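Heads up, the thing below is written out as structure tokens.
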Amino acid sequence: GGDMIALIGTCRTTDTVAEYNIKLRLLNPGEEELGVDEIPLPVLFDVFTAVWILLLILWIINWIWIRQKVVLYFVLCGYMFIKIISLVLLLAYFNYKHNTGLQHEGVAIAFNIISILESVAFFSVLLLLASGYGIINNKPARRWPVIAVLMASYGISQLISLFVLATLFG
């Protein structure tokens, strides 16, 4: 590493305003667009995506083999599917950044929305497990409103935290 200094000046002595348009492209060795801490991420997300797809396939095979119509199986399958979408969006984000050096805002926004859905799906899995162990009242008439309110409040809190982070860090 080293320091970089850029000096821009004008030789005119009058009060003339000078305007400059400068484009500066900083690259890592090997003309790599990603930061040093981001270089391994595309490969890592490739591996994670493959692992989650394999887990989803095995889960579906297990689900078909057992042939039970349990809500928990369906919710876990949905969670795995959302997780795969999240990983694919992260992979697309870092591949785009690797190829262009730019951040794709649309992919970043889609990832944030999917990550909120992922959190809500994971939270719903935990709530369903909790109802199975008697932590939440097990009667369906009482259980589903509680789960719906908890999931909605959790999703809203995730949206609020995302808004606060976007406001603080632009």
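All figures in this text were calculated on a predicted structure; none of them were measured in a lab.
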Let me confirm one number: the [atom1]-[atom2] distance from [X] to [Y], rounded to the nearest 0.5 Å.
X	Y	atom1	atom2	answer
Asn95	Phe45	CG	CZ	10.5 Å
Thr49	Leu44	OG1	CG	9.5 Å
Leu56	Lys83	CG	NZ	13.5 Å
Cys77	Ile82	SG	CD1	10.0 Å
Leu55	Ile84	CG	CD1	8.0 Å
Phe111	Leu90	CZ	CG	4.0 Å

Under 30°, 30 to 60°, or over 60°: which ring-plane class applies to Tyr79 and Trp52, parallel, tilted or perpendicular? perpendicular
Flag, side chain of Asn62 to backbone of Leu58, donor-acceptor distance under 3.5 Å: no
Thr100 side chain to Tyr96 main-chain N or O, any donor-acceptor pair under 3.5 Å? yes
Step through the shown structure and confirm whether more than 12 heavy atoms of other residues, nucleotides or ligands are within 6.0 Å of CZ on Phe122. no
Would a hydrophobic clustering, with Ile, Leu, Val, Met, Phe, Trp and Tyr connected at side-chain separations under 4.5 Å, put Val43 with Val88? no
With a 4.5 Å cut-off on side-chain heavy atoms, are Tyr93 and Leu89 touching? no
